[in-house]
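Working notes, beginning with the structure itself.
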Amino acid sequence: YELYSPRAIIAHIDLGTEAGTTDTILNGPRSVSYHWYIPRHAKYVIEFVPEGRGAWHAGVVHEPQKDLGTLLGGANKVIDSGEPNRYSYGICYEGRTTSTKPTQGQIDLARELLKQKKIDHLPVIAHWQVTSYKPRIVSEFAHALALSDK
């Protein structure tokens, strides 16, 4: 489906392996996807969904962080829509557990990707800020990407 005017990047952690996640996204029921996925080894980025298309990466809004509108710098279409997927890019790192931090290689590769795509100016939001029950460890990835040289 169509990606409307992107207003943010939502950072994710994937609890599976590269092989399992790739198989699920490409051959599964099409209930989850990301624009970009960065494996643990950080040798390359996997693009699952092209930039102009929406990816089902953030589900629907569930008890979002109260100051999310401020993080987005104004009119909060991510929350107002009730469906953040149409207003954001999804970038995910392979983490495998809810306590696995991103590697420096994953952070560096993600920063380079966002810079190359010319979207490194967009605010970066951790998935739990939109969908409250998601792992908090992804904040480290989101924070690192938000601090990239702009």
Side-chain angles (χ1 to χ4, degrees), residues 1-62 64-65 67-68 70-73 78-79 83-150:
Y1 61 91
E2 184 181 356
L3 177 67
Y4 300 147
S5 173
R7 302 180 61 90
I9 297 162
I10 299 180
H12 301 268
I13 179 175
D14 186 81
L15 304 181
T17 63
E18 175 187 355
T21 297
T22 300
D23 183 57
T24 298
I25 290 175
L26 296 180
N27 303 313
R30 308 278 186 212
S31 61
V32 66
S33 61
Y34 308 107
H35 288 91
W36 305 288
Y37 179 86
I38 303 176
R40 199 90 190 127
H41 56 66
K43 292 179 183 171
Y44 47 76
V45 174
I46 299 171
E47 181 178 74
F48 287 119
V49 178
E51 283 177 71
R53 305 279 303 157
W56 185 257
H57 61 90
V60 293
V61 172
H62 179 267
Q65 186 175 325
D67 63 348
L68 191 56
T70 304
L71 288 173
L72 290 172
V78 172
I79 294 256
E83 200 225 300
N85 302 297
R86 289 195 180 272
Y87 296 93
S88 62
Y89 293 111
I91 188 166
C92 181
Y93 76 94
E94 177 186 9
R96 299 189 186 167
T97 74
T98 57
S99 60
T100 305
K101 297 178 180 185
T103 66
Q104 190 60 51
Q106 287 173 307
I107 291 168
D108 292 344
L109 192 56
R111 284 178 175 170
E112 183 57 36
L113 173 74
L114 300 182
K115 189 183 232 182
Q116 181 185 49
K117 299 283 185 184
K118 295 182 169 72
I119 58 171
D120 55 335
H121 65 283
L122 292 174
V124 181
I125 300 165
H127 190 191
W128 70 266
Q129 293 176 282
V130 176
T131 309
S132 65
Y133 53 85
K134 296 299 182 177
R136 297 278 202 265
I137 192 74
V138 76
S139 292
E140 294 196 24
F141 187 53
H143 184 69
L145 297 183
L147 293 177
S148 64
D149 295 329
K150 298 190 180 211

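Keep in mind that what you see is a predicted model, and the values were worked out from it rather than measured. Throughout, numbering of the chain's residues begins at 1 and tracks the sequence.
Here C92 contributes atom SG and I13 contributes atom CD1; the two are 7.5 Å apart, rounded to the nearest 0.5 Å. We find the CG-CD1 distance between L114 and I119 to be 5.0 Å, quoted to the nearest 0.5 Å. To the nearest 0.5 Å, atoms OG (S33) and CD (E47) are separated by 11.5 Å. Between the CZ atom of F141 and the NZ atom of K101 there is a distance of 15.0 Å, given to the nearest 0.5 Å. One distance of note links CG of D120 with CD of E112; it measures 9.5 Å at 0.5 Å rounding. Here W36 contributes atom CH2 and K117 contributes atom NZ; the two are 6.0 Å apart, rounded to the nearest 0.5 Å.
Ion pairing between a basic and an acidic side chain is recognised when a charged N comes within 4.0 Å of a carboxylate O; K43 and E18 show no such pairing.
Taking the six-membered ring where the residue is Trp, H57 and H12 present perpendicular rings, their angle passing 60° and hence far from 30°.
Nearest heavy atom pair, residue V124 against residue A11, reads CG1-CB, 4.2 Å. Heavy atoms only, all atoms of each residue included: A8 and I125 are closest at CB-CD1, 3.6 Å. Scanning all heavy atoms of the two residues, the minimum distance from A110 to I91 falls at CB-CD1, 3.7 Å. Across all non-hydrogen atoms, the minimal contact from A126 to V138 is CB-CG1, 3.7 Å. The two residues R96 and G16 make their nearest non-hydrogen contact at CG-O, 3.5 Å. Residues N85 and A58 come closest through the heavy atom pair OD1-N, 2.7 Å.
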> Under the side chain to side chain contact (heavy atoms under 4.5 Å, CB included) criterion, do L26 and F48 qualify, and how do the steps go?
Replying inline: CA-CA 8 Å; L26 296 180; F48 287 119; 4.1 Å; yes
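Judged purely by atom type and a 3.5 angstrom limit, E94 has no side-chain atom pairing as donor or acceptor with the backbone of P39. Checked by atom type and distance alone, the side chain of T21 pairs as donor or acceptor with a backbone atom of T17 at under 3.5 Å. H35 places a side-chain N or O within donor-acceptor distance of the main-chain N or O of G90, the cut-off being under 3.5 Å. For S99 (side chain) and I137 (main-chain N/O), no donor-acceptor pair under 3.5 Å exists by modelled atom type.
Residues I25 and Y37 fail the side-chain proximity criterion, which asks for heavy atoms closer than 4.5 Å.
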